[in-house]
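Protein chains get the first letters and strands the later ones, always in sequence-line order, with residue 1 at the start of each.
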Amino acid sequence: GAVVSQHPSWVICKSGTSVKIECRSLDFQATTMFWYRQFPKQSLMLMATSNEGSKATYEQGVEKDKFLINHASLTLSTLTVTSAHPEDSSFYICSPGQGLNTEAFFGQGTRLTVV
Amino acid sequence: AQTVTQSQPEMSVQEAETVTLSCTYDTSESNYYLFWYKQPPSRQMILVIRQEAYKQQNATENRFSVNFQKAAKSFSLKISDSQLGDTAMYFCAFQNTGNQFYFGTGTSLTVIP
């Protein structure tokens, strides 16, 4: 299956600072990357869909200026949480878009804690 | 919009026994795909089984099988001969023709030794 590397696996930051999360597809080219957020004991909620070379599409209720997504190459997509606040503390997971009826592959996730 | 519902937040099963996890979904699409994913404490998402909506035959993967009822929009997962390693969160997922995944709220399964 596809290999997806997400970094960092966990990060603690102070309120007001920004954090960048990287997601790399190591053995294939991902034209699309899905970014999810998962709160404790809850499901994965799609935040945004990034497309290589174009602007990301954000789900309703997700602030695009707060969660900056860059998909500059076919193997790298980044999510930057700007001016982080404690309520942004969550588990963030990336998943490159695959073909229909193809299982989704996921990064290892990033646990963000804002103090 | 698609919605996926898992009505059992928590379940437990005795080791070697069989357990069934429920999932229902709502969609107006005729062609789609359904998946069950497992998320162990490591938080890594792992595919358990998948089902194409146009196939009537229920998918089976070793100890895992599904009961797909398209008319009822139901997609339950049966785990036979439960093992301790099956302890995890299980998410039902719907994939639409736009290649987007929608996940249910999850069922926390505990296998009791």
Are A:Y92 and A:M33 connected in a single hydrophobic cluster, I mean Ile/Leu/Val/Met/Phe/Trp/Tyr linked by side-chain heavy atoms less than 4.5 Å apart? yes
Please indicate whether A:E87 has more than 12 foreign heavy atoms, meaning atoms of other residues, nucleotides or ligands, lying under 6.0 Å from its CD. yes
How far does OG1 of A:T110 sit from CZ of B:R43, to the nearest 0.5 angstrom? 11.0 Å
Same apolar cluster: A:L68 and A:W35, side chain cutoff 4.5 Å: no
Output the distance between atom CZ (B:F103) and atom CG (A:L46), rounded to the nearest 0.5 Å. 9.0 Å
Looking at side-chain heavy atoms only, is the closest gap between A:E59 and B:Q100 below 4.5 Å? yes
Where does A:Q42 contact chain B at under 4.5 Å (heavy atoms): side chain, backbone, both or neither? backbone
If hydrophobic clusters are built from ILVMFWY residues whose side chains come within less than 4.5 Å, do B:V111 and B:L21 share one? yes
Does B:I46 share a hydrophobic cluster with B:V4, counting links as ILVMFWY side-chain heavy atoms below 4.5 Å and allowing steps through other members? no
Bottom line for A:T32: the part with an atom under 4.5 Å from chain B's heavy atoms is neither
Please identify, among B:Q39, B:Q6, B:M89, the residue contributing the most non-hydrogen atom pairs under 4.5 Å to chain A. B:Q39
Pairwise distance NZ(A:K41) to OG1(B:T105) - rounded to 0.5 angstrom: 13.5 Å
Can you establish whether the number of heavy atoms outside B:M11 located under 6.0 Å from its atom CE is more than 12? yes
Check whether the ring centres of B:F101 and A:Y36 lie less than 6.0 Å apart, and answer yes or no. no
Measure distances from A:F106 to the heavy atoms of chain B and classify the residue's part below 4.5 Å as side chain, backbone, both or neither. both
Hey, quick one: are A:V11 and A:V81 part of the same hydrophobic cluster, counting side-chain heavy atoms closer than 4.5 Å, chains of contacts allowed? yes
Could you tell me whether the side chain of A:S43 and the main chain of B:G106 form a donor-acceptor pair under 3.5 Å? no
